[in-house]
Amino acid sequence: MPIASVNPATGETVQTFEALDAAGVERRLARAEAAFQGYRGTSFAARAELLHRAADLLERDQEAIARTMTEEMGKPLAAARAEAAKCAKAMHWYADNAEALLADEHPAPADVADSGAVRAYVRYRPLGPVLAVMPWNFPFWQVVRFAAPALMAGNVGLLKHASNVPRTALAIEELFRRAGFPEGCFQTLLIGSGEVEGVVRDRRVAAVTLTGSEPAGRAVAAAAADEVKKAVLELGGSDPFVVLPSADLDAAVRTAVRARVQNNGQSCIAAKRFIVHTDVYDRFTAAFTAAMGALKVGDPMDEATDVGPLASRQGRDDLEELVEDARTRGARVECGGGRPEGWDTGWFYEPTVLTGITPAMRIHQEETFGPVATVYRVADLDEAVAVANDTPFGLSANVWTTDAAERERFVRDIQAGGVFFNGMTASHPALPFGGVKRSGFGRELSGHGIREFCNVTTVWIG
């Protein structure tokens with residue numbers, strides 16, 4: 001079955017590709033296995049030289065790569081440029097820091113003396129080919145944050161990208177090839193979702209990482225567990241954005257808008273539930289609604305556009321169903337709530353603010369993947385914490401307060417993999433990224449991320 005690249009701003013098919021058949025998948029798996037046997041023995045310096053070169057090429061080709069991302073999944077062009085730049089930064093960071101992050105660890109001699117060891121230490125060794133099942137919403141960044149640490153650790157990569165971004169997937173493979181990585185070190189598998197389990201179960205695949213939906217994560221994790229293979233999952237998020245009375249309201253509103261509509265609202269770490277103390281609720285909600293309503297929806301290639309289309313027709317349909325369910329159950333639509341006028345083609349949806357949310361509404365528990373915000377009024381800090389945690393997800397959280405005791409309360413009690421104060425959630429190569437509850441397990445980025453796909457080896461010398 002062909003794999004199509006469709007422009008979400010127009011609904012037009014840009015290019016189609018033939019999916020790999022069984023023989024094609026087998027060739028790539030065999031190539032990955034062979035590549036690993038040689039690449040695993042290369043030095044950190046040699047790997048760093050290759051990764052720096054890939055980053056330099058990405059910086060040089062930033063505009064062309066950004067346009068490919070925008071044409072395939074609809075993010076504003078400025079955001080696509082920023083994504084490419086962020087990828088290059090992360091690649092340079094891992095090239096510079098991987099050797100130190102994976103340095104041998106030596107316990108104090110006295111601590112292991114009773115084991116009979118003359119010397120003992122821990123070494124991090126690569127596992128082998130790692131399969132990455134990646135989503136379309138950050139089509140370059142999601143891949144690089146797996147690939148850069150995996151390659152620097154001495155692993156090789158196999159990418160099964162989302163089927164609506166095949167051109168980006170192939171561009172990433174080509175980037176590593178042009179940088180000089182040995183043949184087979186990084187390969188794209190143009191296959192459908194139904195073929196993923198077979199690749200996960202293949203004996204040559206050492207581990208798997210997935211960023212995507214909860215159902216996809218369950219399926220991949222189940223297959224990996226059945227084969228006793230390491231898996232890292234980054235799944236959905238319904239991140240709270242808590243505003244308390246001591247907050248700088250102007251800054252909170254500005255950041256809230258960016259945090260909700262980043263990537264056209266299609267981000268696991270986008271703030272989705274705005275939980276506002278009653279003392280500042282009216283002021284915040286009025287300003288937030290006005291700012292959301294003023295955003296420009298339009299062609300993502302237009303530099304003046306704030307919000308482009310959703311990536312797929314199905315994504316827009318799903319969002320419409322969530323909003324309509326909330327509306328029929330009593331939610332108030334403060335702005336937006338439908339398809340924008342003047343855009344009969346493409347998969348656009350207005351920036352929308354909903355209030356009066358109750359637990360009876362689907363949107364209270366389900367992730368909103370699009371520019372729709374829900375706003376809650378809470379009476380005090382205890383209720384803010386309770387509402388923030390009243391979700392099956394636990395990826396990240398944003399809290400606006402200048403009170404040190406309130407900060408400590410959220411650090412202690414929030415059920416999330418990260419908490420960001422007086423700012424918006426963002427991923428950074430030096431900081432671990434991941435979640436708890438149904439947002440997944442394991443960590444990407446930082447030293448924690450590069451060690452996820454290493455054999456942590458105890459070396460004992462008597």
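Worth knowing before you read on, the calculation uses all heavy atoms, side chains too, and leaves out hydrogens, waters and symmetry mates.
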For the student: nearest non-hydrogen atoms of [X] and [Y], plus distance:
X      : Y      : value
Arg339 : Glu320 : NE-OE2, 2.7 Å
Ala85  : Gln62  : CB-NE2, 3.4 Å
Ala373 : Phe274 : CB-CE1, 3.5 Å
Val257 : Ala291 : CG2-CB, 3.6 Å
Ser5   : Arg167 : OG-CD, 3.4 Å
Leu235 : Gly217 : CD2-CA, 3.8 Å

Before accepting this row, confirm whether a basic side-chain N of the pair Glu83/Lys75 lies closer than 4.0 Å to the acidic partner's carboxylate O.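 Lys75 and Glu83: salt-bridged.
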Is the shortest distance from a Lys or Arg side-chain nitrogen in Asp325 or Arg329 to a carboxylate oxygen in the other one below 4.0 Å?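 So Asp325 pairs with Arg329 through a salt bridge.
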Any donor-acceptor N/O pair, [X] side chain to [Y] backbone, under 3.5 Å:
X      : Y      : result
Asp306 : Val297 : no
Lys272 : Val372 : no
Asn389 : Gln415 : yes
Thr289 : Ala286 : no
Asn455 : Arg125 : no

Can we call the ring centroids of His52 and Tyr94 under 6.0 Å apart?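 Judged by ring-centre distance (under 6.0 Å), His52 and Tyr94 do not meet the cut-off.
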Are more than 12 heavy atoms from other residues, nucleotides or ligands located less than 6.0 Å from atom [atom1] of [X]?
X      : atom1 : answer
His448 : NE2   : no
Lys230 : NZ    : yes
Arg438 : CZ    : no
Arg313 : CZ    : no
Glu341 : CD    : no

Pair Val156, Val130 - check side chain to side chain contact (heavy atoms under 4.5 Å, CB included), show working. CA-CA 6 Å; Val156 302; Val130 179; over 6 Å; no
Could you go step by step and tell me if Gln142 and Arg145 meet the side chain to side chain contact (heavy atoms under 4.5 Å, CB included) rule? CA-CA 6 Å; Gln142 300 281 8; Arg145 74 187 196 191; 2.9 Å; yes
Once the angle between the rings of Phe369 and Trp136 is folded into 0 to 90°, is it parallel (under 30°), tilted (30 to 60°) or perpendicular (over 60°)?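 Judged by the thresholds at 30° and 60°, the geometry between Phe369 and Trp136 is perpendicular.
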Do Arg47 and Leu151 come close enough that some side-chain heavy atom pair is under 4.5 Å?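 Heavy-atom side-chain distance check fails, nothing below 4.5 Å.
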Assess whether side chain to side chain donor-acceptor pair (under 3.5 Å) is satisfied between Ser246 and Thr401, documenting all intermediate values. CA-CA 5 Å; Ser246 66; Thr401 178; 3.1 Å; yes
Please walk me through it: do His161 and Phe140 pass ring-ring contact (aromatic ring centres under 6.0 Å, His included)? CA-CA 10 Å; His161 218 322; Phe140 231 91; 8.7 Å; no
